[in-house]
There are 2 protein chains.
Amino acid sequence: MLNKSALVYDDLKQKIDQEVYKLGTYLPSENQLCALYGISRETGRKALAGLADNGYIQKIRGKGSLVIEHRQYAFPVSGIVSYKELAHKLNVTTTNIVYEFEPQASLPYGSFASLGGEQTTVPVTAIKRVRVLNGEPDIIDKDYILKSVVPNLPRRAAEDSLYAYFEQELGLAISYATKEITMEPATAEDRERLHVDDSMWIAVVRSVTSLEDARAFQYTESRHRADKFRFRDFARRQPQPF
Amino acid sequence: MLNKSALVYDDLKQKIDQEVYKLGTYLPSENQLCALYGISRETGRKALAGLADNGYIQKIRGKGSLVIEHRQYAFPVSGIVSYKELAHKLNVTTTNIVYEFEPQASLPYGSFASLGGEQTTVPVTAIKRVRVLNGEPDIIDKDYILKSVVPNLPRRAAEDSLYAYFEQELGLAISYATKEITMEPATAEDRERLHVDDSMWIAVVRSVTSLEDARAFQYTESRHRADKFRFRDFARRQPQPF
DNA sequence: TAGTGGTCTAGACCACGTA
DNA sequence: ACGTGGTCTAGACCACTAA
């Protein structure tokens, strides 16, 4: 059972996607939403704030909540979404080849927290996978999962979906991630696994994912063929303090 | 004069940056914030929600608001921030060379709205600039600004800061943008202006920026040397509906 | 003038964590 | 048992847009 505001959010989002509320038109006013859903105004406003955050609407004072063009799901880096979830949304055939699985690896602690120059390492499960989209190997994913959080990660979780395993089987609450995108020349491993030559560049997405209690538990390096890489973003301007 | 919640947000953010509230410690509780600032709880909660959105804190039920590592300002694509603002934050010497300025250009309407196959064009001011960071030309910016919103854009605005001109001199309220990042091989123009050879790839950021009343008014194509490109992001996981 | 969103309040009840 | 955050409410006042 979700919140009232989340239910209203989902309902409005769905109606926007299905063009019950069309692009360029206004949603019902806040007072009308109160009556429609039997909620208080602040509750409806929370739902609307979520839609505005995610680029579905623009609120205009004195007028209403205008439905605007919103970002579609771009392939692989917007938000924290697993491949299985994305493939489902995009109707793409994905295959997932685990070519390395090391339950007893270790990783420098600095990968998880850029605190001091800690030289210690932490025990992790290391996984390397190739994502095959529509028959072409496009992405290498290297995942390192802390054994202190997930002691025994079954290989089948890597072959299916790590997120589904973490959330549905272990009950972990994944909360946020920091990501960094850079561009790098292809390595030998990239050339071999992605079938590209050394003139190809690679878009590298490094991320650290944390749980609701703020424990970082997963470090991921995702390596995309440059010519297949695409990232979409929606951003609101913050008042600049000068 | 800002909101109460914005004032509290700014004050807390500043205290986190200055390590009055240190990484790994908890902010005062919501009830304490009410007393400290003389506000109601929902007002304080709005400030905290903003800090959580921007990756400053993680709220943990039953415990409090934990200060976490937050994204620094990465160079050029996080949020909607102008170069002048970024250069100020990062203490980098930037120069800005306007090498093309065309007050009577036109652009296909489709660049602004991916509606139908509209074949009309719209009048724009076209600007091409090279950004020189620490003595190296790293970025080409191509801006197209709708003449219906900004009829007479002075060249000096392009030489200084477009955003400062829009916001401070024209009083335009810049609200949101959609961006797309892709990678492309260097063109002849890239090679000439950025002093790279044809083995270099280019990170291309295309964006459409809109005002508070949801009018799209600026289309930008920002072309970065791949080896200098870096983008940092903070994302929270949304509940997935299946 | 009437309707819209923007902000703030004081209070209530719940769920979770700690002791 | 107590303090924490999570949610919701009913009402108030303000600023902006439109007719």
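On a predicted model such as this, the values are computed, not experimentally measured, just so you know. Each chain gets a letter, A, B and so on, in the order its sequence line appears, and its residues count up from 1.
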Practice task
Measure the distance from CD on A:E30 to P on C:dT4 and round it to the nearest whole Å.
Solution key: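 Atom-to-atom, A:E30 to C:dT4, this comes out as 9 Å.
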
Exercise for the section: Nearest whole angstrom, please: distance from the P of C:dG17 to the NZ of B:K59. Expected result: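 To the nearest whole Å, that distance equals 15 Å.
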
Exercise for the section: Could you label the plane-to-plane angle of the B:Y9 and B:Y56 rings as parallel, tilted or perpendicular, counting under 30° as parallel and over 60° as perpendicular? Expected result: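 Aromatic pair B:Y9/B:Y56 classed perpendicular.
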
Practice task
Output, in order, the C-alpha distance, side-chain angles, deciding distance and verdict of side chain to side chain contact (heavy atoms under 4.5 Å, CB included) for A:I68 and B:Y176.
Solution key: CA-CA 11 Å; A:I68 60 179; B:Y176 63 92; 3.4 Å; yes

Handout entry: Contact interval (first through last nucleotide) of DNA chain D with protein chain B, 4.0 Å heavy-atom
Key =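 The footprint of chain B covers D:dG3 to D:dC8.
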
Exercise for the section: Check for a donor-acceptor pair, side chain of A:N96 on one end and backbone N or O of A:A158 on the other, with a separation under 3.5 Å. Expected result: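 Yes.
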
Practice task
Could you pull out all residues at least two apart from A:E159 that satisfy side chain to side chain donor-acceptor pair (under 3.5 Å)?
Solution key: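 Applying side chain to side chain donor-acceptor pair (under 3.5 Å) to A:E159 gives A:R155.
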
Handout entry: Selection residues 14-25 of chain B - residue pairs positive for side chain to side chain donor-acceptor pair (under 3.5 Å), sequence neighbours left out
Key =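 Listed once each, the pairs are B:D11-B:K15.
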
Problem - Those residues that, when tested against A:K59, pass salt bridge (charged side-chain N to carboxylate O under 4.0 Å, His left out) (two or more places apart) - result: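 By the salt bridge (charged side-chain N to carboxylate O under 4.0 Å, His left out) rule, A:K59 matches A:E30.
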
Problem - Polar side chain donor-acceptor pair, B:S175 to A:Q58, under 3.5 angstrom - result: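 Side chains of B:S175 and A:Q58: pair found under 3.5 Å.
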
Handout entry: Phosphate-side-chain proximity, B:K63 and C:dT18, N/O vs OP1/OP2 below 4.0 Å
Key =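 It does, given that an N or O in the side chain of B:K63 lies less than 4.0 Å from OP1 or OP2 of C:dT18.
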
Practice task
For B:N3 and B:T43, run side chain to side chain contact (heavy atoms under 4.5 Å, CB included): C-alpha distance rounded to whole Å, both residues' side-chain angles, the deciding distance at 0.1 Å, then the answer.
Solution key: CA-CA 9 Å; B:N3 298 338; B:T43 301; over 6 Å; no

Practice task
Take B:I57 and B:Y26 through the side chain to side chain contact (heavy atoms under 4.5 Å, CB included) test and state the conclusion after the steps.
Solution key: CA-CA 9 Å; B:I57 62 171; B:Y26 288 90; over 6 Å; no

Handout entry: Neighbours of DNA chain D within residues 33-40 of chain B, by heavy-atom distance under 4.0 Å
Key =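 Heavy-atom contacts with DNA chain D come from no residue of residues 33-40 of chain B; none.
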
Problem - Strand-adjacent residues in residues 41-51 of chain B, judged by heavy atoms under 4.0 Å from DNA chain D - result: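 Within residues 41-51 of chain B, the residues near DNA chain D are B:R41, B:E42, B:R45.
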
Practice task
Would you mind checking if B:R45 and A:E42 are paired as a salt bridge, meaning a charged N to carboxylate O distance below 4.0 Å?
Solution key: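 No, this pair does not count.
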
